[in-house]
Structures are given as C-alpha cells and as structure tokens.
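All residue numbers refer to positions in the sequence shown, counting from 1. Note: hydrogens, waters and symmetry copies are ignored here, and every other heavy atom, side chains too, is used.
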Amino acid sequence: STAAAAAPLPEEDCMKLNPSFLGIALSSLLAIDLWASKRLGVCAGEDSAWGSARPLMKVIEVSGHGIPWLLGTFCGLCQSDSSAAREVLLNLLFALLLDLVLVAVVKGLVKRRRPTHNKMDMFVTISVDKYSFPSGHATRAALVCRFILRHLVLAVPLRVLVVLWALIVSISRVMLGRHNMTDVLFGLLLGYMLYSVVEYCWLSPLSAPALFALW
C-alpha cells in the first residue's frame, strides 16, 4: 500500500493538477473574450440594449457579405470595356473567391461555435457558417479595404470612408452577437495578410493569358 501511495501520478493527471502558465493564460483570455463579446452584443436581439439598431446592423452585415461582392464584381467584369479595369476586377474576383475558400477551411478545422446569444438569422448561410472562427465579414472587409485603397484612385474623404466601412462591418459582427472579439480580430489580420497573397499572385495578361482571353 505504501508503494502504491508513492507511485507517480499518470502524466495526464499531472497536467490537470499542474496546468502550465500558457494553459492558464489561454483559458483566461478565452474567458475574457467570451465575457466581453457578450457584453458588446448589444444588438443580438430585438430585446437587447440596442435592439432598435438591429435592422441597421443587418444592413451593414449585408454590405460585407460575400454574395453581393461576388455578383457585383462579376457584373462589372462582364460590362467593362477597359483592359486595365478588367485586370483589376478579375483580381478582385480571385481575391474574393480565395477569401471564401480560406475562411471555410479554417472554420471547418477550428469548429468554434458561434456565441450562445447569437440569433441565427443571417443572410444566405452555408454549412460552415454555424462556426464562428474566423469572421468571414471581417476578413473580407480588411481584404477589400486594402484592395480598394491600393488599386482605386480616390479622394481622401472616400479613402477614409472605405476604412470606416471596414471597421464598422467588423464591429457590427460583435454587436449582432455573430462573433466573439477574437473571431473578428483574427479575421481582420487574415484579410490583411490575404491581400499580400493576392498581390504576389497577381493575374495579368502575361501571367494568365487564358483567363483574359475569356473576356
């Protein structure tokens, strides 16, 4: 009995009894994330603190949805009669498709559920949209924002509006209760980096002549 009492604990029990500093830090960060996200979900329902602003938040939500951006870019590509405009629009279409695929893959791998206070009434969802990490709207907003600022000649007030739109779309995800704060922050970072990938793989008549021959 003495030998049994002195026997070392299994490794997994040791881990539970003596959690690492990293584990404690991550658990604390997750708890803060969930608490703050719930407090900021002021438009999550009609009976929420800012429930009257929910229709406006849903309009902002649609402005960052993938389908309007894909359809608008495709229509502009079909109607454009400028080779320079077609090149920009084709790359924007490529960026939007890449964004959809990447976000879907990450959501499917992470499988983080949406906040419990979320009301699942989003505009046109697919199977992976039941997961929340990362925020596809935030990723798309950051990607489109960088793309527009880089490839469109805009006056300073319009450039400021583009940046504000990206920020408002991202903030609205937490206010509507769709996402936790870390979903949105990672989404913004992912979209920012994804634009660099698009620039590196930029499609042009020299690099992808077959694509441009279609138009």
Side-chain angles (χ1 to χ4, degrees), residues 57-78 80 85-115 118 120 122-152 154 158-159 161-176 178-204 207-208 210-212 214-215:
M57 291 293 106
K58 293 190 70 174
V59 171
I60 296 173
E61 177 179 64
V62 174
S63 76
H65 197 282
I67 289 181
W69 277 100
L70 284 170
L71 290 178
T73 303
F74 184 77
C75 290
L77 186 58
C78 293
S80 176
R86 283 197 298 270
E87 181 176 342
V88 171
L89 288 171
L90 184 60
N91 280 277
L92 178 57
L93 183 63
F94 166 66
L96 293 171
L97 291 173
L98 184 61
D99 165 65
L100 285 177
V101 172
L102 182 59
V103 169
V105 169
V106 176
K107 282 186 175 183
L109 291 174
V110 178
K111 294 183 179 179
R112 184 185 194 185
R113 292 287 177 177
R114 291 189 180 272
N118 172 50
M120 200 64 180
M122 289 185 291
F123 170 73
V124 186
T125 59
I126 56 177
S127 60
V128 293
D129 284 332
K130 61 186 176 183
Y131 303 124
S132 71
F133 186 90
S135 166
H137 280 69
T139 305
R140 189 174 304 109
L143 172 65
V144 170
C145 179
R146 282 198 73 188
F147 195 100
I148 290 176
L149 294 180
R150 176 67 178 81
H151 294 286
L152 293 185
L154 300 174
L158 291 178
R159 295 174 72 86
L161 284 177
V162 171
V163 175
L164 286 177
W165 167 80
L167 293 175
I168 291 172
V169 167
S170 301
I171 294 171
S172 72
R173 310 311 293 152
V174 181
M175 293 180 66
L176 281 168
R178 307 295 197 207
H179 292 277
N180 295 305
M181 291 176 59
T182 49
D183 303 333
V184 173
L185 292 175
F186 185 83
L188 287 171
L189 178 62
L190 184 62
Y192 188 88
M193 294 188 300
L194 188 57
Y195 172 78
S196 300
V197 175
V198 174
E199 280 287 293
Y200 182 79
C201 303
W202 187 262
L203 304 175
S204 69
S207 62
L211 284 175
F212 286 88
L214 296 174
W215 313 102

Tell me, do [X] and [Y] make a side-chain contact under 4.5 Å, heavy atoms counted?
X: V144; Y: L96; result: yes
X: R140; Y: L100; result: yes
X: L98; Y: L143; result: no
X: W202; Y: N91; result: yes
X: L190; Y: D99; result: no
X: F147; Y: V88; result: yes

Check ion pair D183-R112 (N to O, under 4.0 angstrom) |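 Looking at R112 together with D183, the answer is yes, because their closest N to O distance falls below 4.0 Å.
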Quick one: side chains of residues 164-172, donor-acceptor pairs under 3.5 Å with protein atoms, not counting sequence neighbours, listed by atom name and distance.
from: W165; atom 1: NE1; to: S63; atom 2: OG; distance (Å): 3.1
from: S170; atom 1: OG; to: A166; atom 2: O; distance (Å): 2.9
from: S172; atom 1: OG; to: I168; atom 2: O; distance (Å): 3.4
from: S172; atom 1: OG; to: V169; atom 2: O; distance (Å): 2.6

Answer yes or no: are there more than 12 heavy-atom neighbours, outside M57 itself, under 6.0 Å from its atom CE?
->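 Above 12, so yes.
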Side-chain donor or acceptor of T139 paired with backbone N/O of G187 under 3.5 Å | yes
Restricting to pairs with a member in residues 184-199, which pass side chain to side chain donor-acceptor pair (under 3.5 Å), not counting sequence neighbours?
-> R146-S196, H151-Y195, H151-E199, Y195-E199
Taking side chain to side chain contact (heavy atoms under 4.5 Å, CB included) as the test, write out the residues that go with R114, two or more places apart.
-> K107, N118, M120, M122, D129, S132, R178, H179
